[in-house]
Amino acid sequence: MNLILLGPPGAGKGTQAKMLSDKFSIPQISTGDILRAAVKDGTPMGQRAKEYMEAGSLVPDEVVVGIVRDRLQQADCNNGFILDGFPRTVAQADALQASLEQMGKELDRVISLNVEADALVERLTGRRTCKECGRGYHVTFDPPRVTGVCDACGGSLFQRDDDREETIRKRLQVYADQTSPLISYYRGAGVLTELDGMQPISQVQEKMLSQLQAS
Ligand code: ADP
Ligand code: ADP
Ligand code: ZN
């Protein structure tokens with residue numbers, strides 16, 4: 001199953017992608033996670049991406065397109081993949097299409113999560129992320145069993161630098177300007193499923209699974 005999860009920052013893409021990845025044993029490919037790891041390791045790519053990420057703007061297309069093209073060629077993607085946070089521009093979507101065609105693969109579904117702006121801000125300001133495994137939590141909506149500690153791996157939780165109100169507003173605007181056109185792009189391609197992302201995590205998950213099983 002070859003999937004894309006689409007939606008604004010805070011919509012729940014990462015949360016849902018992790019569950020789908022466990023359920024279907026296919027990898028979650030998060031360009032945000034890959035870029036954050038590169039920044040942490042200080043690689044040339046990370047050094048280039050850092051200032052864009054801190055400002056809440058998009059990293060240049062050629063950087064992320066290269067990351068995803070390489071990642072999709074790895075053997076663990078043969079049974080499927082979940083793209084989380086990519087594509088984010090029409091140019092990225094076109095490049096993805098070209099890569100998939102070259103590999104003889106097709107997209108099965110693009111799930112777009114709809115969440116209101118106020119809820120996005122509330123989710124992102126309360127988001128906490130595991131330093132070790134990248135799992136996301138929320139101080140109110142999805143708290144860990146022990147405050148500040150990851151349930152999955154025991155790693156410590158931190159607040160991402162870009163999860164502060166001013167940068168959040170900027171990222172939401174970037175989504176509206178540069179990423180939201182992908183909704184009609186994928187609707188036109190006949191692969192779009194829109195889902196109400198305002199419900200609790202478990203209910204969104206259930207709806208998503210039933211949509212995937214129906215398609
Ligand atoms: P994205 O990857 O789309 O940016 P995340 O999956 O990281 O979003 O979710 C953003 C924050 O909102 C996290 O703190 C997460 O725990 C929380 N969250 C995710 N889905 C829901 C939901 N359905 N209801 C309430 N909070 C949610
Ligand atoms: P969120 O889902 O909360 O917006 P991500 O972890 O997906 O956060 O992305 C964090 C940052 O990484 C983005 O604000 C952007 O700077 C960069 N980034 C991630 N994916 C892409 C992409 N596909 N294209 C350009 N920049 C990206
Ligand atoms: Zn962890």
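Keep in mind the model is a prediction, meaning the values are calculated, not measured. Order of appearance sets the numbers: ligands from 1, and atoms from 1 within every ligand.
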Report the part of [X] (side chain from C-beta onward, or backbone N, CA, C, O) that has a heavy atom under 4.0 Å from ligand 2; answer both or neither where that applies.
X	answer
V59	both
L58	both
S57	backbone

Are the side chains of L212 and L20 in contact, using a 4.5 Å heavy-atom criterion?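 A side-chain contact exists here, since the closest heavy-atom pair is under 4.5 Å.
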
Under a 4.5 Å cut-off applied to non-hydrogen side-chain atoms, are D162 and R171 in contact?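 They are in contact (side-chain heavy atoms under 4.5 Å apart), so the answer is yes.
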
Looking at T167, is its backbone amide N or carbonyl O close enough to the side chain of E54 to form a donor-acceptor pair, meaning the two atoms are under 3.5 Å apart? no

In this structure, are over 12 heavy atoms from other groups packed under 6.0 Å from E116 atom CD? no

Got a sec: does the CG of D22 have more than 12 other heavy atoms crowding it under 6.0 Å? yes

Supply the atom-to-atom distance [X] [atom1] to [Y] [atom2], rounded to the nearest 0.5 angstrom.
X	Y	atom1	atom2	answer
Y137	D151	OH	CG	4.0 Å
M1	S25	CE	OG	10.5 Å
L5	I29	CG	CD1	11.5 Å

Sidechain N-carboxylate O distance under 4.0 Å for R135, D142: yes

Can you sort out which atoms of ligand 2 are near Q92, meaning under 4.0 Å from one of its heavy atoms?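 Once the distances to Q92 are compared, the set is 22 (C), 23 (N), 24 (N), 25 (C).
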
At less than 4.0 angstrom from any atom of ligand 1, which residues have a non-hydrogen atom? List them by chain and residue number.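 Lining ligand 1 at under 4.0 Å, by heavy atoms, one finds P8, P9, G10, A11, G12, K13, G14, T15, R123, R127, Y137, H138, F141, D142, G197, Q199, P200, I201, V204.
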
Sort by chain and number the protein N/O/S atoms found under 2.8 Å from the Zn ion (ligand 3). C130 SG, C133 SG, C150 SG, C153 SG

Option from S112, P181, P87 for which side chain to side chain contact (heavy atoms under 4.5 Å, CB included) with Y186 holds: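 In the set S112, P181, P87, the residue that makes a side chain to side chain contact (heavy atoms under 4.5 Å, CB included) with Y186 is P87.
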
State plainly whether one hydrophobic cluster holds both L107 and V64, where clusters connect Ile, Leu, Val, Met, Phe, Trp and Tyr through side-chain heavy atoms under 4.5 angstrom apart. yes

